[in-house]
Amino acid sequence: MKAKKEILTDCTLCYHSCGIKVAVEDGKAVAVKGLASHPINKGELCPKGERLLDSIYHPQRIKYPMKKVNGKFERISWETALDEISKKLSDLKEEFGPQMLGMFSGSIGVENMEIAGLTQRFKTAFGSPNFFSVESVCYRMRIRTRQITFGKYPTEELDSNLYILWGHNPDASDLPLKMAIEKNLKKGAKVVVIDPKKIPMSKNADMYLPIRPGSDGALALALIHVIIKEKLYDQAFIDKYTQGFEKLAAHIEPFTPQWAQKITWVPEDEIRKLARLFAATKGAAIYQGTCTQDQTANGTQNSRAFSILQAITGNINVPGGWVISPRPYLGNVGLSGDGDPLGTDQYPLFITLWGRKSPYGVVTMVPENIPDLLKSFIVVGGNPLVSMPDSNAFRKAFRKLDLLVVHDMFMTDTAKEAHYVLPACSHLEKYGVAYNYNVCHCIPYLMLRKKCIEPYEESWSEWKLFTELAKRLGLEEYFPWASEAELVSFELGRTGFSFDYLLNEKPEGDYYQQKSYTIPDGTFKTPSNKIEIYSDAMAQAGFDPLPTYLEPAKSPLSRRYKDAKKYPLILGTGNRSYYYTHSQHRNIDALNEKDPHPLAELSHKTANAFGIRQGDDVRVSTDRGAVFMKARVADCIADGIVFVPHGWSGKANANLLTDAKCREPILGYPDLKSLMCAIESV
């Protein structure tokens, strides 16, 4: 008779971590369904979640450790792999110092705290300050700029009275938000879409503003201008909770709707209409694309302007606005270490704010610092040769490393360049804590990520990898946990929930605290204990303390750009697909059938001007490289723009087009949304 059981856990195929039920028979996962009681997905699953087991049991999963010998991978034992890796690390450390090691984590620590935390812990134990992750290109900019403004990170809620989808397409990337908007539209909620692409939500939107890529900051400044000039702001909120409004009022004078119209393509009357709608709505929120506005020349100031818009309209800590929800008191797996990570001197605010130091280095600076500074890399659960800007520069640099180790489930583009490839567990094969619901959707909820099945073949979890590697390096004191369960018990720490409680009593998860929409003293953890519209931290770092606008270095309006004739079209990279997460899942047949080709999208007018027809094989090129895709000609794209998706490998890798040195000046983020390109049929 078969042994059957059903395990309640979460899906970590993207950052939402939806609740799932996993059916296990005789030790094998045989079915996955959505968990109806979960507050994020309420039983629904996206196509990726529905095909979760296709990934877990995929024949292309890495089964055992491998070493590259004469250009080809050969199977070796875990013992041999760890002995050789530790010996190489020790030799390099003795010769060049510990800072020669770079660590890259594919998780920002939101969707998988263990991957990011343990990777960061290992680099500190080893003595290197150089920890890199997707934080350098995704999400951290908005967190940092909101911290600069509010002292904490207020989050958008799922339920709102006015959804301003600013470069955010829920149909492609945010199932929980899509479900919430569809529900709340029936209750009278309004939707505004600001996007150069007419996304599906535009059909039911009250306003649709097609904006020029990279000009979002100009629109935000003009909205602030209208709200202040027409006295639409919340004076009582401003007086009680903010500082610097008077300076903002004087600063905003030149940023008129007429000025913004020329830059953004958005008519000035539409700018005024949106400003009035936003200011008149309590419970309104800007839903910022995960990295849409961050990955532009003006990224930091874009996010600062959004924060100020929320503040001066009083849409902070009100239902439907931005809300500072209680954080769980999780045990910190990371360690504080000595030394400054790469980028501290050029981008200090990315790393230090009011003495609070984060462990992240600036990843866009990695290629230029190999091999002089960085001589070895350990990559955990990430694929930087596809996901980071300027793949040509990263690949060329990584080939100069003395040691490259990759721990992953599949043979990624990065793994193919490695000296050692180590098999990793899936999230069904290890324990963890799912807590990101509060970070992403303002829901103070967490659950235990359960170990549903035994590790596939010879796969190891991050906990086991770093524990065993640390032993060989004499660093075992830094990894004291005897099991994953013990590690997770430490993480749960002061949350009030024990491992046993979340495993047996509340396997579906639980609310660790209730939200409050009040603003008690001490809410804003800035030096002034107020919302800092005027930022002394920005001024002290040498940047504008009030939001300003910076035109992209490579744009049709930039006086510095000299290649406009050769590359006449605006390029936007990073379009998301409902069927994939970044560079993952394209080996799942059922998903690939739904989205089989990387598509370069452009309008009919643009296509006609360049002799492109629907379905043509096309070459998209920039001053950094070229990709080959198929053309999708559609009326939903604004004229003069080419959009290409990210995550495809080989000659369709969008980051062959991007430039690691074309950076936002404050936090060092790459400009991936407003470069210039050419397109031709091939």
Trace of the salt bridge (charged side-chain N to carboxylate O under 4.0 Å, His left out) decision for Glu484 with Lys464 | CA-CA 8 Å; Glu484 285 173 6; Lys464 189 170 184 180; over 6 Å; no

Please report the C-alpha distance between His646 and His582 in whole Å, then the side-chain angles of each, then the deciding distance to 0.1 Å, and finally whether the side chain to side chain contact (heavy atoms under 4.5 Å, CB included) criterion is met.
-> CA-CA 7 Å; His646 76 307; His582 306 308; 3.0 Å; yes

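Residues Leu118 and Phe479 share a closest heavy-atom pair of CD2-CE2, 4.0 Å. Shown here for Glu508 and Ser37, the closest heavy-atom pair between the two residues is CB-OG, 3.7 Å. In terms of heavy-atom proximity, Pro200 sits nearest to Asn169 at CD-OD1, 3.9 Å. Between His168 and Ser173, the shortest heavy-atom distance links the atoms CE1-OG, 3.8 Å.
Put simply, the side chain of Tyr329 never gets that close to the backbone of Leu492: no donor and acceptor are under 3.5 Å apart. Side chain of Asn575 to main chain of Phe643: no donor-acceptor pair is present (N/O by atom type, distance under 3.5 Å, no hydrogens or angles). Between the side chain of Lys450 and the main chain of Pro507, a donor-acceptor pair closer than 3.5 Å is present. With hydrogens and angles disregarded, no donor-acceptor distance shorter than 3.5 Å links the side chain of Ser303 to the backbone of Thr145.
Counting heavy atoms from C-beta outward, Met113 and Leu330 have side chains that approach closer than 4.5 Å. Counting only heavy atoms from C-beta outward, the side chains of Phe278 and Asn315 approach each other to under 4.5 Å. Counting heavy atoms from C-beta outward, Ile164 and Leu274 have side chains that approach closer than 4.5 Å. Side chains of Glu6 and Val22 form no contact here, defined as non-hydrogen atoms less than 4.5 Å apart. Looking at heavy atoms from C-beta onward, Gln295 lies out of side-chain contact with Thr573 at the 4.5 angstrom threshold. Side-chain contact check for Gln301 versus Glu664: every heavy-atom pair is 4.5 Å or farther apart. Residues Pro170 and Leu165 form a side-chain contact, since some pair of their non-hydrogen atoms from C-beta on lies under 4.5 Å apart. Within the 4.5 Å cutoff, the side chain of Pro547 has heavy atoms near those of the Ile308 side chain.
Classified by interplanar angle (parallel below 30°, tilted 30° to 60°, perpendicular above 60°), the ring pair Tyr241/Phe237 is tilted. Classification of the Tyr57-Tyr456 ring pair by plane angle, with boundaries at 30° and 60°, yields perpendicular. Using cut-offs of 30° and 60° on the angle between ring planes, the pair His38 and Tyr445 is perpendicular.
Side-chain contact, Trp166 with Asp216: a donor N or O sits under 3.5 Å from an acceptor N or O. Side-chain atoms of Glu429 and Ser426 form a donor-acceptor pair, as typed in the model, at a separation below 3.5 Å. For the 3.5 Å distance criterion, the side chains of Arg140 and Ser358 qualify, holding a donor opposite an acceptor. For the residue pair Ser325/Asn438, the side-chain donor-acceptor check at 3.5 Å is satisfied. In summary, the side chains of Ser107 and Ser105 do not present any donor paired with an acceptor at a separation below 3.5 Å, with no hydrogens or angles considered. Judged purely by distance below 3.5 Å, without hydrogens or angles, the side chains of Asp234 and Thr313 never pair a donor atom with an acceptor atom. For the residue pair Gln288 and Thr292, no side-chain donor N or O sits within less than 3.5 Å of a side-chain acceptor on the partner. Under 3.5 Å, the side chains of Thr12 and Asn112 contain no donor-acceptor pair of N or O atoms. At a cut-off of 3.5 Å, with distance as the only test, no side-chain donor of Ser535 or Arg304 sits close to an acceptor on the other residue.
Remark: aromatic rings of Tyr360 and Phe131 are close, center separation under 6.0 Å. The aromatic ring centres of Phe245 and Tyr233 sit less than 6.0 Å apart.
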Indicate every side-chain donor-acceptor pair of residues 190-197 with a distance under 3.5 Å to a residue at least two apart or in another chain.
unit_1	atom_1	unit_2	atom_2	d
Asp195	OD1	Lys197	N	2.8
Lys197	NZ	Glu601	OE1	2.9
Lys197	NZ	Glu601	OE2	3.3

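Annotation: side chain to side chain contact (heavy atoms under 4.5 Å, CB included) contacts of Ser55 (sequence neighbours excluded): Met409, Phe410, Ile588.
Other residues, nucleotides and ligands contribute over 12 non-hydrogen atoms within 6.0 Å of the NZ atom of Lys183. Around the NZ atom of Lys198, the shell of radius 6.0 Å holds no more than 12 heavy atoms that belong to other residues, nucleotides or ligands. Surrounding CZ of Arg576 are more than 12 heavy atoms belonging to other residues, nucleotides or ligands, all under 6.0 Å away. A 6.0 Å sphere centred on NZ of Lys357 holds more than 12 heavy atoms belonging to other residues, nucleotides or ligands.
Listed by first and then second residue, the ring pair (Phe, Tyr, Trp, His ring centres under 6.0 Å) pairs that reach into residues 133-165 are Tyr163-Tyr287, sequence neighbours excluded.
Comment: Glu532 does not engage Lys530 in a salt bridge, judged by the lack of any side-chain N to carboxylate O separation of less than 4.0 angstrom. Between Lys33 and Glu50, none of the side-chain N atoms (NZ, or NE/NH1/NH2) sits under 4.0 Å from a carboxylate O, so this pair counts as no salt bridge. A salt bridge is defined here as a Lys NZ or Arg NE, NH1 or NH2 lying under 4.0 Å from an Asp or Glu carboxylate O, and Arg142 with Glu156 meets this definition. A salt bridge links Lys430 to Glu462: at least one charged side-chain nitrogen sits closer than 4.0 Å to a carboxylate oxygen.
Just one of Thr296, Thr300, Asn302 meets the side-chain hydrogen bond (donor to acceptor under 3.5 Å, both in side chains) condition when paired with Asn298; it is Asn302.
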